[in-house]
Q: 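Below are the structure tokens for one structure; questions will follow.
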Number of protein chains: 2
Amino acid sequence: MDIKKTYSISELAKEFDVTTRSVRFYEDQGLLHPTRRGQTRIFSSKDRVRLKLILRGKRMGFSLSETKELFDLWDETLSGNEKQLLLMLDTLANKRAQLEQQKNDIAQAEMEMDTAEARCREALAELQKKKRQQKRATKEEPESIEQK
Amino acid sequence: MDIKKTYSISELAKEFDVTTRSVRFYEDQGLLHPTRRGQTRIFSSKDRVRLKLILRGKRMGFSLSETKELFDLWDETLSGNEKQLLLMLDTLANKRAQLEQQKNDIAQAEMEMDTAEARCREALAELQKKKRQQKRATKEEPESIEQK
DNA sequence: AAAATACTTTACGTTTACGTAAACTTTATC
DNA sequence: GATAAAGTTTACGTAAACGTAAAGTATTTT
């Protein structure tokens, strides 16, 4: 099994570099389900994994409610109901399509960045050439202006 | 050169499936620069390209201001100033790193979706097996309950 | 010329994902 | 036992990215 530990809110916040406010917000939205000792939140390693997934989702452009839907769907999937299983498979297929689109977008962006970078380097090379020409000019005619 | 045409706001909106409101908003934020005939906006093919880039940026999780920064930077880059060129190269490197992160995230997500899908299919197979067993049972003992 | 269509500006409303401040308990430290 | 440190709830504020309604202009169609 996992590192069967529990975590405080600030432990998680530090580890993933988010504010405690965010963590509480994620709980509020039903994405995390910490238990309580008194009124203090205690997060399980499952919560920790989910937090990681939430943040990755965000980096991939997923909203919190999208991520929550996936979480909920997965939980219901575990119950083993056939309908839920099929729904999950369908959802997975949709997400895969979405990821394909993103991969295309990224590939396109990378290509365009390649050409952009190339143009930058060309322009820079031009500038360097001009600089060298200027230097040569001042060496060939040192103080020549004064000898008119 | 490009398809040197011009576009009305609704042409663009239809083509890229966004509202005219969004297009006006993008102009407001300085991402598009249509000219005017009277008070009516006229978009160039450059605007069209930019709109495409804006939307791709959104799909990749970029904010409008991030995209605007890139546009502005690129415009200044064209002026050929050395400092701007170097700044652009730096920015490009950063974006590349960001895309690398996204590619990692996507790869991870795909792996996890693979295992999730596998589990779903296993669970479904289990259900099918049980169904078949039930069917066989009712065939082997047709109305057997009544012959106690 | 009246009506429909496409465009405009102005401006307030909405959702998401938190930030920030206030006021309060609980636990650890001096 | 005072005080600091870490936690809590409540609640108002905010930036981003539009939605939506109001009210007006310009052009095209009937």
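Numbered from 1 within each chain, the chains take letters A, B, ... in sequence-line order.
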Q: Would you jot down, in residue-number order, the residues of residues 22-43 of chain B having a non-hydrogen atom under 4.0 Å from DNA chain D?
A: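 By residue number: B:S22, B:F25, B:Y26.
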Q: Whole Å only: how far is the CZ atom of B:F16 from the C1' atom of D:dA17?
A: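 After rounding, the reported distance stands at 19 Å.
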Q: Determine whether B:L32 and B:I54 make a side-chain contact, defined as any pair of heavy atoms from C-beta on separated by less than 4.5 Å.
A: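 Yes, at least one pair of side-chain atoms sits under 4.5 Å.
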Q: Given D:dG7, C:dC18, D:dG19, identify the nucleotide with an atom nearest to the side chain of B:T19.
A: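 Side chain of B:T19 sits closest to D:dG19.
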Q: Rounded to whole angstroms, how far apart are CG on A:L12 and P on D:dA6?
A: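 In whole Å, D:dA6 P lies 16 Å from A:L12 CG.
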Q: Got a sec, which residues hit side-chain hydrogen bond (donor to acceptor under 3.5 Å, both in side chains) with A:N81, two or more places apart in sequence or on another chain?
A: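 Testing A:N81 for side-chain hydrogen bond (donor to acceptor under 3.5 Å, both in side chains), a comparison that skips the adjacent residues, returns none.
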Q: Let me know, please, whether A:E11 or B:S65 comes out on the 5' side of the other along DNA chain D by nearest nucleotide.
A: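 Comparing both residues, the 5'-ward one is A:E11.
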Q: Inspect the contact between B:E82 and A:K131 and indicate whether a charged nitrogen and a carboxylate oxygen are less than 4.0 angstrom apart.
A: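 Counted as a salt bridge, because a side-chain N and a carboxylate O are separated by less than 4.0 Å.
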Q: What pairs with A:R36 under salt bridge (charged side-chain N to carboxylate O under 4.0 Å, His left out), at least two apart in sequence or on another chain?
A: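 If we apply the salt bridge (charged side-chain N to carboxylate O under 4.0 Å, His left out) test to A:R36, skipping adjacent residues, the hits are A:E27.
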Q: Once you apply a heavy-atom cut-off of 4.0 Å, does A:S8 come out as touching a base, just sugar-phosphate, or nothing?
A: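 Result for A:S8 = sugar-phosphate.
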Q: Using a 3.5 Å cut-off on both pairing distances, which stems of three or more Watson-Crick or G-U pairs include DNA chain D?
A: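 Stems for DNA chain D, defined as runs of 3 or more consecutive pairs: C:1-30 with D:1-30.
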Q: Should B:E122 and B:R119 count as an ion pair when the cut-off is N to O under 4.0 Å?
A: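 The answer is no: the pair does not qualify as a salt bridge.
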Q: May I ask you to decide whether B:R48 forms a salt bridge with B:E11, counting only side-chain N to carboxylate O separations under 4.0 Å?
A: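 No, this pair does not count.
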Q: Who pairs with B:E117 by side-chain hydrogen bond (donor to acceptor under 3.5 Å, both in side chains), at least two apart in sequence or on another chain?
A: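 Applying side-chain hydrogen bond (donor to acceptor under 3.5 Å, both in side chains) to B:E117 gives A:R96, B:R121.
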Q: Give a yes or no on whether A:D17 atom CG has more than 12 heavy-atom contacts from other residues, nucleotides or ligands under 6.0 Å away.
A: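 Not more than 12 within 6.0 Å, no.
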Q: Rounded to the nearest Å, what distance is computed from the CZ atom of residue A:R21 to the P atom of nucleotide D:dC12?
A: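 After rounding, the reported distance stands at 13 Å.
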Q: Can you confirm if the NZ or CZ of A:K95 lies within 45° of the ring axis of A:F62 and under 6.0 Å from the centre of its six-membered ring?
A: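 Yes, a cation-pi geometry.
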Q: Please give me the minimum heavy-atom distance between A:R41 and A:P34, naming the atom from each residue.
A: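 So the minimum-distance heavy-atom pair works out to CG-CG, 3.8 Å.
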Q: Write down the distance between NZ (B:K14) and C1' (C:dC7), rounded to a whole number of angstrom.
A: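 Going from NZ in B:K14 over to C1' in C:dC7 covers 13 Å.
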Q: Looking at every heavy atom in both B:H33 and B:D47, which two are closest together, and how far apart are they?
A: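 That would be N-OD1, 3.1 Å.
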Q: Heavy atoms within less than 4.0 Å of DNA chain C: which residues of residues 57-64 of chain A have one? Give them sorted by number.
A: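 Heavy-atom contacts with DNA chain C come from A:K58, A:S63, A:L64.
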